[in-house]
Amino acid sequence: MQIREQLETVINDALKNALAGGSLNLEELPEAALERPRDESNGDWASTVALRVAKPAKKNPREIAQLIVDHLPENDLIDSVEIAGPGFINIRLTPVSYHAVLADVLKQKDQYGKGEIPEGMRYVNLEYVSANPTGPMHVGHGRWAALGDATARVMRHAGYDVYEEFYINDAGVQMDLFGKSVACRYLQILGQDIPMIENGYGGSYIKDIAQGVVDRDGDKWVAVDDDTRTAEFREIAYSEMLQLMKETLAGFGNKFDCWFSERSLYIEGPDGTSPVSRSIKAMDEKGYVYKEDGAMWFRSTAFGDEKDRVMIKENGEFTYFMSDVAYHYDKLSRGFDHLINIWGADHHGYVKRCEAMLDAWGRPGALEVMLGQLVNLYREGEVVRMSKRTGEMITFAELIDEVGVDATRYLMLSRSSDQPIDFDIEVAKKKDASNPVYYVQYAHARICSILRKAAPAGEAEAVVAGTTSMDELIEKLLADGADLSLLTHESEIALMRKMSEFGELVSDAARDRAAFRLTHYAQDLAALFHQFYTNCHVLGEDKELEKARLNLANGTRIVLARALDLLGVSAPAQM
RNA sequence: GCCUCCGUAGCUCAGGGGAUAGAGCAUCGGUUUCCUAAACCGAGUGCCGUAGGUUCGAAUCCUAUCGGGGGCACCA
């Protein structure tokens, strides 16, 4: 049980005692109202319950606070209590309660801070990136890749069952244009003097794909009719682009559970229905579908959308929105409790109509759209959009190549998704204090270094050589346990206090879909470790103290590594 | 015009009802016979965009307003 919950119980008991004794008059038991004071001089925890109930209880808040303090039950959690200001109850915890936190970390290891989400809210579909397979991913997609992955990791640690999905827009006009563009380049390479098609794709990667076909197939596709060639090139180009995206994302550490094809929405099953037809039927049955001007409409205005939306055009073609209707219906039918989509802020206008369709199916609120602000790329303060090398948009793959996965992820995640990011490539590449990712990683590496030094001769070398793992070494080294009550130094207590916040941080960050908070936490924890390192020598101290401190260092390592892992950033044992 | 995100230290941003508003960077000064100085310690900076309102209490909630980003198709 976490410290907050334990404290809540204690405060609740005090309130109950005061109520039972008749010294406090309230209709119902108020909440413990615990918070962490910003200023440490106001204690480890504070309750504002006295301020909150002053009015209904018709009493001065300081008097109420005193009553609560007088009725506190016996416990080994609270060291001292102080009534401050208008009626704050400031609580200082015993060292014992912090030692229990560390013991918990050491026991639970990477499971520390794991939460539980009740059945019925747990199974979540998270769809993100979903870049069109008609070109390489740009830097903005990278932000969604980092954000989606970290969100999934954080939510999983909080107890959700997250299913990560990538929606491939492999149907529709853009795909055809893409295929035609490559086919056109192909013919040009083979000497035909033809112009690029109207609205064709201009990037040099189109030529590269075409050249690839020339190298492989020669002039095999020159003599065939246009439709065959277009279809063939569309598939070739599509699979090449998709493969490229999969490789880039895998290299970035993303693992999607599903790559969902838009085309599949239009394929009829043995029963003669498709996701498209089923989704329309489900809407129609509730009365939200109508025909007008020869088109088929969704009455989204019934749910607050500013206008109704066309699903099937007058000419019989499906709109892009139709695909989304079918896609979301399909997701629902796969049994998810909740759907989350991560979109760029430029899709803001599209949200309402998508939420409306879930209303229409009787699942209001089941879809949550996370809108993230965009990424502005800089190099030494100057805006860059184009790559110097290719003269085209800098791709996500190029960015990772230049900056590295860890720094890219960390910087992409280090601020709220409501905030646009100014990503400076040169700053991201710096390996000094101005780059927070290395600050955090360095703390981890420092801890590992201490642990290696503490190991018997030969064993550390085995780790460096790779014949045993860091985990095995630590397991052996700390097998005896230690007397954690020796950890009483201010810097030691501060570290344990920070560790005690981890579980709550994870569950809050998961609830608020705010993975970026983990970056702040990691930096705070790293800073506290560096302070501890400076103030408290570990090796060569009194044997028992050394053991206790090694355990504290290892506990810090565990939590630090977990925090980094939730961000998808590596925790190096050496730097 | 409508919708939405944002406005907090020199810069980049946290904090989103609670106490004297924080962090990193940058700037200046200090610390190494000793576990990684990629570190630590010290110093300064704020009409929390503006004006009203709600509240015991507002940077935080509400309204208005100013400024900036993004969006408002039978396009995808």
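Each chain gets a letter, A, B and so on, in the order its sequence line appears, and its residues count up from 1.
Proximity of A:K55 to the phosphate of B:C56: a side-chain N or O atom is located under 4.0 Å from OP1 or OP2. A sub-4.0 Å separation between OP1 or OP2 of B:C74 and a side-chain N or O of A:K307 is present. At B:U4, none of the side-chain N or O atoms of A:Y350 fall inside 4.0 Å of OP1 or OP2 (strictly under the cut-off). In this structure, A:R38 reaches the B:A19 phosphate: one of its side-chain N or O atoms is under 4.0 Å from OP1 or OP2. One finds no side-chain N or O of A:K58 lying less than 4.0 angstrom from the OP1 or OP2 phosphate oxygen of B:C56.
B:G44 and B:U32 have their C1' atoms separated by 27 Å, given to the nearest Å. Rounded to the nearest Å, the gap between the C1' atom of B:G70 and that of B:U63 is 24 Å. Going from the P atom of B:G18 to that of B:G57 covers 14 Å, rounded to whole Å. If you take atom P in B:G49 and the same atom in B:C6, they sit 12 Å apart, rounded to whole Å. The C1' atoms of B:G46 and B:A21 are separated by 9 Å, rounded to the nearest whole Å. Comparing B:G22 with B:A14, their C1' atoms are spaced 7 Å from each other, to the whole Å.
A:Y439 comes within 4.0 angstrom of sugar-phosphate atoms only, judged by non-hydrogen atoms across all strands, and of no base. A:P420 comes within 4.0 angstrom of the backbone, heavy atoms only, and of no base. Base engagement by A:Q574 is indicated by at least one non-hydrogen atom pair under 4.0 Å involving a base atom. Counting any heavy atom pair closer than 4.0 Å across all strands shown, A:A454 reaches no nucleic acid atom. Nucleic acid contact class of A:C536 (heavy atoms, under 4.0 Å, all strands): base. When heavy atoms are screened at a 4.0 angstrom cut-off, A:K431 is found touching base atoms of the nucleic acid. Using a 4.0 Å heavy-atom cutoff across all strands shown, A:H530 reaches sugar-phosphate atoms only and no base atom. Nucleic acid contact class of A:N315 (heavy atoms, under 4.0 Å, all strands): none. Counting non-hydrogen atoms under 4.0 angstrom, A:R309 reaches nothing in the nucleic acid. At the heavy-atom level, A:N42 lies under 4.0 Å from base atoms of the strands shown.
If you measure from atom CG of A:L525 to atom P of B:A23, you get 17 Å, rounded to the nearest angstrom. Taking atom CD of residue A:E306 and atom C1' of nucleotide B:U4, one finds them 12 Å apart after rounding to whole Å. Rounded to whole Å, the distance from CG on A:L528 to C1' on B:A39 is 14 Å.
Across all strands shown, B:C74 forms no Watson-Crick or G-U wobble pair with both distances under 3.5 Å. Base pairing of B:U31 is made with B:A39, judged by Watson-Crick or G-U wobble geometry with both donor-acceptor distances under 3.5 Å. Searching all strands for a Watson-Crick or G-U wobble partner of B:G44 with both distances below 3.5 Å returns nothing. If you check B:G52 for Watson-Crick or wobble pairing at under 3.5 angstrom, you find it paired to B:C62. When both distances must be under 3.5 Å, the Watson-Crick or G-U wobble mate of B:C13 is B:G22.
The residue among A:L374 and A:G294 whose nearest nucleotide of RNA chain B lies closer to the 5′ end is A:L374. Along RNA chain B, the nucleotide nearest A:V538 and the nucleotide nearest A:Y438 are compared for position; the residue whose nucleotide lies closer to the 5' end is A:V538.
For the side-chain contact (heavy atoms from CB on, under 4.5 Å) with A:M496, the lone residue among A:L528, A:L93, A:L487 that qualifies is A:L487.
For B:A19, its base sits under 3.5 Å from the side chain of A:N90 at one donor and acceptor pair at least.
The shortest non-hydrogen separation linking A:C354 to A:W343 is SG-CH2, 3.7 Å. The shortest non-hydrogen separation linking A:D176 to A:R234 is OD1-NH1, 2.7 Å.
More than 12 heavy atoms of other residues, nucleotides or ligands sit less than 6.0 Å from atom NZ of A:K313.
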Verdict with reasoning, A:H530 to A:Y439, per ring pair (Phe, Tyr, Trp, His ring centres under 6.0 Å): CA-CA 10 Å; A:H530 287 310; A:Y439 180 81; 4.9 Å; yes

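Here A:F88 does not pack flat against the base of B:G18, since the 5.5 angstrom centre distance and 30 degree tilt limits are not both met.
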